[in-house]
Peer 1: 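Okay, handing you the structure first.
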Amino acid sequence: MKKLIEILTERMGDAFEQAGYDRALGSVRVSDRPDLCEFQCNGAMGGAKQYHKAPFMIAQDVMNVLEGTEGLPFEAACVKPGFLNLKVLPDFLASYIRDCASEENLGIRQVDAPKKIILDYGGPNVAKPLHVGHLRAAVIGESIKRLLRAVGHDVLGDVHLGDWGLQIGLIITELGIRQPDLPYFDENAAEWPEKAPFTIAELEEIYPAASARSKIDEEYREKALQATHDLQNGRPGYRALWKKIMEISVADLGRNYERLDVSFDLWKGESDVQPYIPGLLEDLTARGIAREDDGALIVDVALPEDKKEMPPCIIRKSDGAALYSTTDIATILERMKLYDPDKIIYVVDKRQGMHFEQVFRTVRKAGIVKPDTELIHVGFGTMNGRDGKPFKTREGGVMRLSSLLDEIEEEMTVKIRENKNVRADDARETAEKVALAAVKYGDLSNQASKDYVFDVEKFTSFEGNTGPYILYTIVRIKSILAKAAEEDRAAALPQAILPPENETEKALFLTLADFGTVIGEAAEELAPHRICGYIFQLSNDFNRFYHETRILQEESDGKRRSYLALLSVTQKVLEKSIGILGFGAPEHM
Ligand code: ARG
């Protein structure tokens, strides 16, 4: 579908041309003065200099042409000093909505040149419980993935597990103390038990205990570093134990992500690219891209035009160990080799901005990516508590993601039971849906790069700019349509939509007409918050229409059918939008 604004611009361009002016002046945009008009064209102002004419004269010339033109999609007025103010004609608007609504993707335009994109998001660390810090990566990443797919890109989501660091060495060390007789610690053993020596609950207790001890016990820390080193160098018992840690932890991560309705195409991790590292370091050294510095291997990435200091990217420490940067560089190498993407997008905490800048510059300098491969870091801000500090449990500890979800589901269940619109048996399931919407919408409605306050009370409210409010609107529509069906007046097809008859109705039409544009722009800007802003507006427009209109009682058959069709389109647009945001609506709530 063409955007409404493109259609208006074309027709306005024709008029400028016929009046003897450059058609590019006919560019139309959304009005700055919604009280006066819906769209405007400022071309006459732009043309004044070029044509040495007063803007108002140009505007009048264009008006004269418009007045003699038939079948225009708008009515225009010319106001001083030379604006052309436009209102879309109701007939045209209705036919536009009928066309959008008849398309399967409701007017979302597919990109001309689909890109192959790898989306790196999630980034959980194996054996550490998911905490609220991982919520944003998962929620924003999932939505960006769905958004890019909705406009036709070919996207692979990769969870990029942190599965190779010190945390594994810490667990090995702690386990070696607690259960020294396990075969994993026997250097002569070569066979390993089928069953893991811990449950997920135990594993999740072991890591924090080990981590805490390593901070106060130097010798213990040394041991953990050694264990990490031995693991990375292939000690068979440690490798076997690592596999068990992976098995248990990855299954648990999968369950957590499933609960968030987040899914990955690739479950690769830092460990997968370790085989590339020795060759990579050798190659970068041989080609003079990397240089030795105090025993470490570094790549200079500063550029003369840098305004901020840009330290070199360290790719090997003086003790020979690879770093986070090394792994990310090797991962890009592997991704280019296996998938040859046009773009790699990272949805990671914005505090890692410097890291990504260094990595991106290194791979460019080394020619690991093609000159036109785009590398993008979508850095997100911190999720804070109501005190404005990073979100914590009541006791002040790090909040586990699962506890946070439990708490909100609990709260939602109470609310939904109180509302009594849902059968008692269904309350829990409904609460889960609404809770997920509350959490995701609460996050996504903020621009990703900004810090935001996670306010449970606000996010779970059925009123205001919240997920539950959007769901409530959808449920309201569903219930009207269900009633209509009961009365044997099934929702009509889009073809039944008649022109809007008043301002409230027209506002709803205009917002619906904007859907394709908003999705296109949100995809371009990697900005799910644009979709939230849009569906909030649409819900408000719809609810106003609902309160002012007698829908089922409408006596004219044609009008009632038109209303029902309009409801059905609104529902589809809202559901498509929340699907992209990553949640769904219940039947009742
Ligand atoms: N595991 C990392 C962390 O918890 C995030 C990984 C992000 N992705 C990446 N390719 N570096 O901070």
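In each ligand, atom 1 is the first atom listed, and ligand 1 is the first ligand listed.
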Peer 1: Using side chain to side chain contact (heavy atoms under 4.5 Å, CB included), reason through Thr362 and Val359 one step at a time and then give a plain yes or no.
Peer 2: CA-CA 5 Å; Thr362 301; Val359 166; 5.7 Å; no
Peer 1: What protein heavy atom sits nearest atom 2 (C) of ligand 1, and how far off is it?
Peer 2: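 Among all protein heavy atoms, the one nearest atom 2 (C) of ligand 1 is Gly123 O, 3.6 Å.
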Peer 1: Evaluate the ring planes of Phe583 and Tyr441, with Trp represented by its six-membered ring, and classify them as parallel (under 30°), tilted (30 to 60°) or perpendicular (over 60°).
Peer 2: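 The arrangement is perpendicular - the two ring planes meet at more than 60°.
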Peer 1: Side chains of His355 and Asp328: is there a donor and an acceptor less than 3.5 Å apart?
Peer 2: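 Side-chain D/A pair, His355 to Asp328: present.
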Peer 1: What protein heavy atom sits nearest atom 4 (O) of ligand 1, and how far away is it?
Peer 2: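 So the nearest neighbour among protein heavy atoms is Asn125 ND2, 3.0 Å.
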Peer 1: Any nitrogen or oxygen of Asp120 lying under 3.5 Å from a nitrogen or oxygen in ligand 1? Just yes or no.
Peer 2: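 Such a contact does occur with ligand 1.
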Peer 1: State the atoms of ligand 1, each with its element, that fall below the 4.0 Å cut-off from a heavy-atom position in Val348.
Peer 2: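 Here the atoms of ligand 1 in question are 7 (C), 8 (N).
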Peer 1: Pick one of side chain, backbone, both or neither for how Asp328 approaches ligand 1, counting any non-hydrogen atom pair under 4.0 Å.
Peer 2: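 Looking at Asp328 and ligand 1, just side chain atoms fall under 4.0 Å.
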Peer 1: Could you check whether any heavy atom of His134 sits closer than 4.0 Å to an atom of ligand 1, since that is the contact criterion I want to use?
Peer 2: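 Yes, His134 has heavy atoms under 4.0 Å from ligand 1.
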Peer 1: Relative to the heavy atoms of Tyr346, which atoms of ligand 1 are at a distance of less than 4.0 Å?
Peer 2: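 So the answer, numbered in order with elements, is 10 (N).
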Peer 1: How long is the straight-line distance from CG of Leu405 back to CG of Leu260, given to the nearest 0.5 Å?
Peer 2: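 These two atoms lie 5.5 Å from each other.
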Peer 1: Under 4.0 Å from any heavy atom of Tyr324, which atoms of ligand 1 are there?
Peer 2: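 Taking each heavy atom of Tyr324 in turn, ligand 1 has 2 (C), 5 (C), 6 (C), 7 (C), 9 (C), 11 (N) under 4.0 Å.
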Peer 1: So between Gln352, Arg351, His160, His355, whose heavy atom ends up nearest atom 12 (O) of ligand 1?
Peer 2: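 Looking at heavy atoms only, Gln352 sits closest to atom 12 (O) of ligand 1.
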Peer 1: I'd like to know if the side chain of Asn384 pairs up with that of Tyr452 as donor and acceptor (distance under 3.5 Å, no hydrogens or angles considered).
Peer 2: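 Asn384 vs Tyr452: no donor-acceptor pair found between side chains.
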Peer 1: Return yes if a side-chain donor-acceptor contact under 3.5 Å exists between Tyr220 and Glu174, otherwise no.
Peer 2: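 The criterion, which ignores hydrogens and geometry beyond distance, is satisfied for Glu174 and Tyr220.
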Peer 1: Under 30°, 30 to 60°, or over 60°: which ring-plane class applies to Phe459 and Phe454, parallel, tilted or perpendicular?
Peer 2: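 Geometry flag for Phe454 against Phe459: perpendicular rings.
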Peer 1: Are any of the N/O atoms in Glu270 less than 3.5 Å from those in ligand 1?
Peer 2: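 In this structure, Glu270 places no N or O atom under 3.5 Å from an N or O of ligand 1.
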Peer 1: Would you check whether Tyr121 reaches within less than 4.0 Å of ligand 1, judged by its heavy atoms?
Peer 2: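 No.
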Peer 1: Applying the ring pair (Phe, Tyr, Trp, His ring centres under 6.0 Å) test to Tyr121, which of Tyr346, Phe264, Tyr257 qualifies?
Peer 2: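 Single pass found, and it is Phe264.
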